[in-house]
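One structure is given below, encoded as structure tokens.
Quick caveat: nothing in here was measured; it's all calculated off a predicted structure.
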Amino acid sequence: MPDKAQTDDICLATLRDTDRDRYLACLLSPQEKRGALAALYAFNAEIARVRDVVREPLPGEIRLQWWRDLLEGNARGDGSGNPIAAGLLNAVETHHLPRQTLVDMTEARIFDLYDDPLSDRNALEGYAGETVSALIQLASLILSAEDAAKSAEAAGHAGVAQAIAGFLLLMPIHRRRHQLYLPLDILSATGLDRDAFLKGEDKPRISAAIEAFAGLGLEHLAKARKTGSVPASVFPAFLPVALAEPVLRRAVRAGAAVLDTALQPPQWRRQIKLLKSAVTRRF
């Protein structure tokens with residue numbers, strides 16, 4: 001069984017392959033916190049990509065149930081043979097992370113396994129709150145339990161903005177598998193339904209829907225910034241949020257082209273953006 005240092009290294013190496021942006025954010029965080037952050041982020045990457053590694057929902061639910069059982073102490077075995085699981089449990093114990101928040105994060109990912117639509121903005125914000133916003137808040141607890149509560153409101157809004165940016169980045173992939181995270185109430189307001197949007201023919205209305213969706217992300221980003229300065233001690237948890245605005249603004253400009261166009265800026269630009277955010281403490 002690997003020791004803690006080996007587990008930390010494995011989690012970091014895994015994260016480098018599964019979530020390069022959060023891997024870089026780890027490297028810009030205090031060294032003594034990197035292991036726990038890497039384990040948390042690697043766990044998030046594992047549950048976020050379940051649909052990508054299964055062909056049917058049921059095997060995906062079984063994978064997610066294993067993580068839930070692990071967090072609730074009901075898993076077969078102790079998880080020590082899985083470095084990410086071992087690292088996550090160590091982070092939970094060391095930093096007193098709320099297990100229920102992690103369980104809720106896992107449960108929320110069941111939605112990803114199916115093609116059911118998000119009914120409205122409230123449903124979208126609820127999903128983002130239990131996934132991305134929760135991840136920011138958990139990372140904040142690792143960085144500073146004392147200061148984490150001060151940034152809870154910022155984490156809530158920032159997580160929604162980051163989630164929407166992520167959905168826009170993945171829209172070509174989601175469209176191919178008939179999956180859509182753009183809420184139905186936004187579609188209805190632009191005169192579209194789910195099938196018409198995914199068909200991709202009504203470019204003007206699709207562009208209007210994309211603009212409204214990205215605009216919602218920008219609105220939440222602005223609210224996150226208006227909550228006041230995030231304490232320096234927990235700011236590294238917000239570093240990945242700095243990458244959301246360029247994606248949201250490119251989506252507004254691209255409109256319907258988002259269905260087929262890669263919005264992701266090149267890696268070197270994202271690295272510079274993260275470094276600048278770390279120096280200026282602005283996301």
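Clustering of Ile, Leu, Val, Met, Phe, Trp and Tyr by side-chain heavy atoms under 4.5 Å joins I173 with L170.
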Would you give me the side-chain donor-acceptor pairs under 3.5 Å for residues 259-269, sequence neighbours excluded?
unit_1 : atom_1 : unit_2 : atom_2 : d
D260   : OD1    : R175   : NH1    : 3.2
T261   : OG1    : A257   : O      : 2.7
Q267   : OE1    : R270   : NH2    : 2.8

Under 3.5 Å, which donor-acceptor pairs do the side chains of residues 271-283 form with other protein atoms, sequence neighbours left out?
unit_1 : atom_1 : unit_2 : atom_2 : d
S277   : OG     : R282   : O      : 2.8
T280   : OG1    : K276   : O      : 2.9
T280   : OG1    : R282   : N      : 3.4

Sequence neighbours excluded and cut-off under 3.5 Å, please list the side-chain donor-acceptor pairs for residues 55-65, or say none.
unit_1 : atom_1 : unit_2 : atom_2 : d
E61    : OE2    : Y114   : OH     : 2.4
Q65    : NE2    : D69    : OD1    : 2.8

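Within the structure, salt bridge (Lys or Arg N to Asp or Glu O under 4.0 Å) contacts touching residues 228-246 (residues at least two apart or in different chains) are R225-E245, E245-R249.
Judged as a side-chain hydrogen bond (donor to acceptor under 3.5 Å, both in side chains), and not counting sequence neighbours, the contacts of R177 are D52, Q179. Remark: Y181 pairs with F111, Y127, F167, H174 by the ring-ring contact (aromatic ring centres under 6.0 Å, His included) rule, at least two apart or across chains. For E32, there are no salt bridge (Lys or Arg N to Asp or Glu O under 4.0 Å) partners, not counting sequence neighbours. The ring-ring contact (aromatic ring centres under 6.0 Å, His included) search around F43 returns W67, not counting sequence neighbours. Under the salt bridge (Lys or Arg N to Asp or Glu O under 4.0 Å) criterion, R250 pairs with no residue, sequence neighbours left out. For H95, there are no ring-ring contact (aromatic ring centres under 6.0 Å, His included) partners at least two apart in sequence or on another chain. Among residues two or more places apart in sequence or in another chain, the salt bridge (Lys or Arg N to Asp or Glu O under 4.0 Å) test is passed with D115 by R51.
Contact check on K199 versus D195 returns no salt bridge, with no Lys/Arg side-chain nitrogen under 4.0 Å from an Asp/Glu carboxylate oxygen. No salt bridge links R121 with E219; every basic N to acidic carboxylate O contact stays at or beyond 4.0 Å. A salt bridge links E107 to R68: one of the charged nitrogens lies within less than 4.0 Å of a carboxylate oxygen.
Counting all heavy atoms, side chain and backbone alike, A152 lies closest to Q137 at CA-OE1, 3.5 Å.
Counting only N and O atoms by type, the side chains of H220 and E125 include a donor and acceptor under 3.5 Å apart.
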